[in-house]
Structures are given as C-alpha cells and as structure tokens.
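Single-structure report; data block below.
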Amino acid sequence: MTNYKLLALNVDGTLLRSNGRLQPSTKEAIEYVKGKGVYVTLVTNRHFQSAKKLAKALKLDSYLVTHGGAFIADNLDEPLFEKRLTEEMTFNLVQVLENFKCNIRLTHERYSIGNRKKIASNLLSKSILNTSDSMFYPVQFVDSLGDTLRDEPVTATKIDVYFSKEDEKEEAQQLIIEAFEGVDVKSNQNKQLEIVQKGLSKEYGLRMLAKHLKIPLEETVAIGDAEDDKGMIASAGLGVAMWNAPFEVKHTADWVTRSNNHEGVGYMVKEHFRKQQRQEFLRKIKIDK
C-alpha cells in the first residue's frame with residue numbers, strides 16, 4: 001500500500017460546508033492525519049490572507065497554494081513561489097476588456113482592484129463575496145482601471161471578468177486568445193472569464209509545492225469538487241472527488257467521498273489514513289532493517 005505524505009485540500013465546496021463553515025469533524029480529521037506525519041496544505045482560488053485565516057483555524061502552519069496556484073507561501077512577505085501577469089500584460093488586457101460591458105477585477109495577494117461599471121444581475125457582488133474577502137484584504141473600485149494602472153501599475157495574479165451577456169463574453173475570450181500568447185483564458189462559469197499567466201493552475205501549484213517538499217506526486221492525496229480541481233485530482237497518487245462535484249470531476253477521481261455538507265473530507269481521511277502507519281514509525285522500520 002502506498003504511504004501518502006501530502007494531503008492537498010480544496011476549500012470552497014470541499015473543506016467548507018455550503019454555508020462557509022468548518023465542521024468539527026473536519027478539524028478533528030486534519031489533526032488526526034497531521035498526527036500521522038502527513039503534510040497538509042490548502043489549494044484554493046482564494047487570496048492568501050483568506051486561506052491563511054482558515055489555515056489558522058485548522059492549526060496549519062504549512063505552505064498554502066493560493067490564487068489558483070499563482071501564490072504559494074506560509075507567510076505573506078516571503079512567498080515560496082509567485083507566477084503573475086506582468087504590469088504591461090495586465091495593462092494591455094485591461095485596455096482590451098474596457099471596450100466591453102463587463103466588471104473587471106484584478107487580484108493581488110495584498111489587495112484587489114476593480115472597475116465600477118454596473119452590469120445585469122448581482123455578478124459583481126458574487127465576485128467579491130465568493131472569495132470571503134474581509135476587512136484585512138482591501139477591495140478598491142475605480143471609474144477607469146486603465147487610467148489607474150497608468151499611474152500605479154499592477155502585477156496581477158489573476159484577472160476575473162464578469163459579463164452581462166454570454167455572446168460578449170465569447171467575443172472577448174476569442175479576442176484575448178488571438179491577441180495574447182502568454183495567457184490562459186478559462187471560462188469556469190456562465191458569463192465569467194478568468195485570465196492567468198499561461199500554464200497556471202491548481203495542479204501546477206501542487207506540483208511546485210510537492211517538488212519543494214521532495215514528495216513525489218504518487219505519494220500525494222488531493223481532494224476537490226470543482227472543474228479546476230480535475231488536474232490535481234488526476235495527477236495525485238490518490239485523487240478524491242466530493243459527492244457534490246460534477247460528473248466529470250468524479251469520473252477523474254480514484255475515490256468519491258461524501259458531500260461537503262456530510263463530512264466528506266473527515267470521512268475520507270479517517271477511512272483511508274487509519275490504515276497508514278505514522279511516518280516516524282515507518283522511518284524507524286527502514287532504519288532497523
């Protein structure tokens with residue numbers, strides 16, 4: 001049986017319940033697996049400060065893979081890894097996007113900045129709330145992002161764009177793909193685009209962390225629920241999908257656990273890792289041999 005040394009957990013829809021809360025059984029499971037000597041990390045689209053707050057609640061002092069893989073750190077000031085859109089690329093992308101009726105949001109590990117343009121529905125409020133931003137993470141809105149970036153350039157970890165019409169989203173997506181070679185344009189939800197530096201993903205971030213820790217991916221367990229978790233689930237030694245995940249994500253996984261509202265992470269961790277001996281014990285056996 002494979003001896004797994006790294007456990008990677010997606011946050012929203014996986015670690016947290018649908019109401020955004022942690023279950024006591026999940027905290028217990030994390031403590032349990034840490035007691036086995038397993039390195040536990042979070043792999044999330046959330047900004048670093050939000051992920052760090054959750055890590056503190058779980059008593060984790062490990063490196064966290066945040067901003068969808070763009071920022072890996074255990075503290076804000078000394079990142080292990082950063083992968084950003086350059087100032088020039090960020091500015092040029094904004095110049096193109098401002099020709100469309102859309103909300104644009106640039107993310108950085110210390111703040112986010114967006115335009116004030118109003119579009120149909122409450123997409124803008126969702127774009128802010130779904131990352132659980134709070135007072136310690138400044139969110140600024142300006143009338144013109146292009147004008148702001150001329151005076152204060154930004155190297156964004158990601159650009160989120162929200163459109164009022166699907167056809168405008170598709171037109172903007174095609175234009176950016178044709179005009180910019182160094183970016184990936186992801187369409188994760190209706191009327192929404194996510195623009196990142198080419199090659200960036202949660203899987204990429206997990207690979208970078210595993211390499212730093214000198215842990216082969218075959219000795220990694222990854223648990224997730226979303227489309228952008230598929231890569232890390234497929235590449236991990238043991239890929240786990242939540243019951244609430246789409247069919248395509250479940251199909252990629254080696255194991256499907258309970259939903260995030262029914263202790264899915266806690267159940268999987270206890271079921272699997274109870275069969276695994278502590279890392280110290282396994283090292284002692286090797287030495288004795």
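- Side-chain contact between H67 and H47 is present, with heavy atoms from C-beta onward closer than 4.5 Å.
- Taken from CG in N99 to CD in E171, the straight-line distance is 10.0 Å, to the nearest 0.5 Å.
- Across T107, N10, D12, a single residue satisfies side chain to side chain donor-acceptor pair (under 3.5 Å) together with R46, and that is D12.
- Counting all heavy atoms, side chain and backbone alike, I159 lies closest to A156 at CG1-CB, 4.4 Å.
- With hydrogens and angles left out, the side-chain atoms of S259 and H262 include a donor and acceptor closer than 3.5 Å.
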Before giving the answer on side chain to side chain contact (heavy atoms under 4.5 Å, CB included), spell out for L22 and L16 the whole-Å C-alpha distance, their side-chain angles and the decisive distance to 0.1 Å.
CA-CA 5 Å; L22 269 172; L16 299 180; 3.7 Å; yes

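- Y39 is not connected to V33 by any chain of hydrophobic side-chain contacts under 4.5 Å among Ile, Leu, Val, Met, Phe, Trp and Tyr, and they are in different clusters.
- Tested against L149 for a side-chain contact (heavy atoms from CB on, under 4.5 Å), the candidates N92, T90, V142 yield a single pass: T90.
- The number of heavy-atom neighbours closer than 6.0 Å to CD of E88, taken from other residues, nucleotides and ligands shown, is 12 or below.
- In this structure a side-chain-to-backbone donor-acceptor pair under 3.5 Å is present from N115 to I104.
- A distance of 5.0 Å separates OG1 in T148 from CD1 in I113, rounded to the nearest 0.5 Å.
- In this view, E82 and R84 satisfy the side-chain hydrogen bond (donor to acceptor under 3.5 Å, both in side chains) rule, not counting sequence neighbours.
- Note that CZ of F91 is 10.5 Å distant from CG of L145, once rounded to the nearest 0.5 Å.
- The number of heavy atoms from other shown groups lying within 6.0 Å of CZ (R21) does not exceed 12.
- Counting non-hydrogen atoms of other residues, nucleotides and ligands closer than 6.0 Å to CD of E248 gives a total above 12.
- With no hydrogens or angles considered, no side-chain donor-acceptor pair links N260 and D225 at under 3.5 Å.
- E152 contributes atom CD, which lies 7.0 Å from atom CD of Q140 (distance to the nearest 0.5 angstrom).
- Remark: the backbone N or O of G146 is paired with a side-chain donor or acceptor of E98 at under 3.5 angstrom.
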Side chain to side chain contact (heavy atoms under 4.5 Å, CB included) between M268 and L238, intermediate numbers included
CA-CA 11 Å; M268 185 277 157; L238 180 62; 3.6 Å; yes

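- Distance check, rounded to the nearest 0.5 Å: OG1 of T66 to NZ of K202 gives 11.5 Å.
- Other residues, nucleotides and ligands contribute at most 12 non-hydrogen atoms within 6.0 Å of the CG atom of D61.
- The shortest non-hydrogen separation linking D184 to G199 is OD2-N, 2.7 Å.
- Smallest separation of non-hydrogen atoms from R274 and Y32: CA-OH, 2.9 Å.
- Linking ILVMFWY residues whenever their side-chain heavy atoms come closer than 4.5 Å, directly or via other members, places L106 and Y111 in the same cluster.
- Residues A241 and K250 share a closest heavy-atom pair of CB-CA, 3.8 Å.
- There is no path of hydrophobic side-chain contacts, each under 4.5 Å, that joins V196 to V11.
- E263 places no side-chain N or O within 3.5 Å of a backbone atom of T26 that could act as its donor or acceptor partner.
- For the pair F100 and L175, the minimum side-chain heavy-atom distance is below 4.5 Å.
- Around the CH2 atom of W255, the shell of radius 6.0 Å holds more than 12 heavy atoms that belong to other residues, nucleotides or ligands.
- Side-chain contact check for M242 versus V265: some heavy-atom pair is nearer than 4.5 Å.
- Of the possible polar contacts, none joining the N103 side chain to the G114 backbone as a donor-acceptor pair under 3.5 Å is found.
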For L64 and L54, run side chain to side chain contact (heavy atoms under 4.5 Å, CB included): C-alpha distance rounded to whole Å, both residues' side-chain angles, the deciding distance at 0.1 Å, then the answer.
CA-CA 11 Å; L64 308 176; L54 180 57; over 6 Å; no

Show the numbers, then the answer: is there a side chain to side chain contact (heavy atoms under 4.5 Å, CB included) between V183 and K198?
CA-CA 4 Å; V183 301; K198 199 167 191 65; 5.8 Å; no

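- Counting only distance, with no hydrogens or angles, the side chain of N3 and the backbone of K5 share no donor-acceptor pair below 3.5 Å.
- Not a single donor-acceptor pair under 3.5 Å links the side chain of K83 to the backbone N or O of L200.
- Nearest heavy-atom pair, S62 versus T41, reported as atom, atom and distance to 0.1 Å: OG-CA, 4.1 Å.
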Start with the C-alpha distance between D160 and K158, add both sets of side-chain angles, then the distance that settles salt bridge (Lys or Arg N to Asp or Glu O under 4.0 Å), and finish with yes or no.
CA-CA 6 Å; D160 288 309; K158 181 176 63 168; 3.7 Å; yes

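- Atoms OG and CD1, from S25 and I30 in turn, are 10.0 Å apart once rounded to the nearest 0.5 Å.
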Pairs under 3.5 angstrom only: tabulate donor-acceptor contacts from the side chains of residues 204-215 to other protein residues two or more places apart or in another chain.
from: R207; atom 1: NE; to: E203; atom 2: OE2; distance (Å): 3.1
from: R207; atom 1: NH2; to: E203; atom 2: OE2; distance (Å): 3.1

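- Two residues are said to be in side-chain contact when any heavy atoms from C-beta on lie closer than 4.5 Å; K186 and E227 fail this criterion.
- Residues L85 and Q197 approach most closely at CD2-N, 3.6 Å, considering heavy atoms.
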